[in-house]
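What you see is a predicted model; the values in this text were computed from it and never measured. Chain naming here is simple, since letters A, B, ... match the order of the sequence lines and numbering starts at 1 in each. Scope of the values below: all heavy atoms of this structure, side chains included, with no hydrogens, waters or symmetry mates.
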Number of protein chains: 2
Amino acid sequence: MFSRAGEIALKIMIYLATDQQKGRWIGLREIVQEIDSPEAFTAKVLQRLTRQGLIRSLRGPSGGFQLPNRRAVTLHEIIIAIDGEGIFTKCVLGLAECSESCPCPVHDKFKAVRDHLAGVLISTTIEEVKEGLLLGHYYLKV
Amino acid sequence: MFSRAGEIALKIMIYLATDQQKGRWIGLREIVQEIDSPEAFTAKVLQRLTRQGLIRSLRGPSGGFQLPNRRAVTLHEIIIAIDGEGIFTKCVLGLAECSESCPCPVHDKFKAVRDHLAGVLISTTIEEVKEGLLLGHYYLKV
DNA sequence: ATAATTAAAGACAAATTAATCCGAAATTAA
DNA sequence: TTAATTTCGGATTAATTTGTCTTTAATTAT
């Protein structure tokens, strides 16, 4: 469904949201520990999230990453930032041109599924997901 | 959403279903012409569909491929045969263990989307899709 | 039988994605 | 100031997917 980088981006953002102490910088080491992902690859994903402005970073001792605690962040924003909008727009059959006016044979059938997917991603914030995690109902690693 | 091979498999199956003359063998050349896909790669996808029993093949002059005209074929069968069941079962966040009893933070949110996707694929047959194509409402290539 | 045609099969090449490595830059603390 | 720490950035490697090529086997028609 999502790329490996996209999966890890979601886990990173959710984990950063669980941190209680506002303003604390969370290091790469701690992050990969808590989401159980390859360190070097995760560092690259963190870099991309930082460049996209979804998180902030600070170098040096006691540096790390944190959420710029402003408005709510949706899963949709994260996926768009890392995987692009292809999953929502690219033709399911791979046709270069596929639209309402020139639809592929399964265009209409899949429109509903994609709208559903987009709806879930847009309506779900990491803050909301965090709650379930803190309640112990869900897990970020095995 | 699907792999390139999966996309091409769907197009192949839909095209084969549009053929009116029952029993006719349709060659690779004609298929790639009609679905606008790379010839050698499409040949490989045809091979896999044949091995999986979703289509039949015949070598030699006037050979080619055809649907074994038996029961209806669903899009679900085709995707399972080529891409496997990963899209329906693998954790959205990539967790090795993720289930009802040990769910990732977005497990429940995405269950509905996946059930929706599976429902569409299971309930849609290539025969049904073919109808819309023959009516000229849809297109298999640009 | 022979030649032509077509799919089968496996080896190979290219492109993309996943993942690692390492030196440089920034920051902190001694 | 110096040393330690941590992210940044680019280069590199590995794995997977996509796509091609070439030979063989089956089938048909001459």
### Query
Taking the six-membered ring for Trp, are B:His116 and A:His116 parallel (under 30°), tilted (30 to 60°) or perpendicular (over 60°)?
tilted

### Task
State the pairing partner of C:dA30; accept Watson-Crick or G-U wobble contacts with both distances under 3.5 Å, and report none otherwise.
D:dT1

### Task
Nearest-nucleotide wise, let me know which of A:Gly60 and A:Ser3 is further upstream toward the 5' end of DNA chain C.
A:Ser3

### Task
Starting at atom CZ of B:Arg4, determine the distance to atom P of D:dT20, rounded to an integer number of angstrom.
11 Å

### Query
Do the side chains of A:Met13 and A:Leu49 get nearer than 4.5 Å, heavy atoms only?
yes

### Summary
5'-most to 3'-most nt of DNA chain C touching chain A (<4.0 Å, heavy-atom partner on protein side) reads C:dA18 to C:dT28

### Message
What verdict does the salt bridge (charged side-chain N to carboxylate O under 4.0 Å, His left out) test give for B:Arg71 and B:Glu127, after you've listed the backbone C-alpha separation in whole Å, the side-chain angles of each residue and the deciding distance to 0.1 Å?
### Response
CA-CA 10 Å; B:Arg71 76 208 185 319; B:Glu127 287 75 17; over 6 Å; no

#### Entry: SB check A:Glu7 B:Lys90 (cutoff 4.0 Å)
no

### Summary
To the nearest angstrom, the CD-C1' distance between B:Glu7 and D:dG19 comes to 14 Å

#### Entry: Strand-adjacent residues in residues 22-59 of chain B, judged by heavy atoms under 4.0 Å from DNA chain C
B:Gly27, B:Leu28, B:Arg29, B:Lys44, B:Gln47, B:Thr50, B:Arg51, B:Ser57, B:Leu58, B:Arg59

### Summary
Here the distance between atom P of D:dG19 and atom CD1 of B:Ile8, to the nearest Å, is 6 Å

### Task
Check whether any side-chain heavy atom of A:Ile87 sits under 4.5 Å from a side-chain heavy atom of A:Leu117, and report yes or no.
yes

### Query
In terms of the angle between their ring planes, are B:Phe2 and A:Phe110 parallel, tilted or perpendicular, with boundaries placed at 30° and 60°?
perpendicular

### Task
Indicate whether the side chain of A:His137 and that of A:Glu131 have a donor and an acceptor atom separated by less than 3.5 Å.
no

### Message
Please find the pair of heavy atoms, one from B:Leu121 and one from B:Thr74, that lie closest to each other, and give the distance.
### Response
O-CB, 3.6 Å

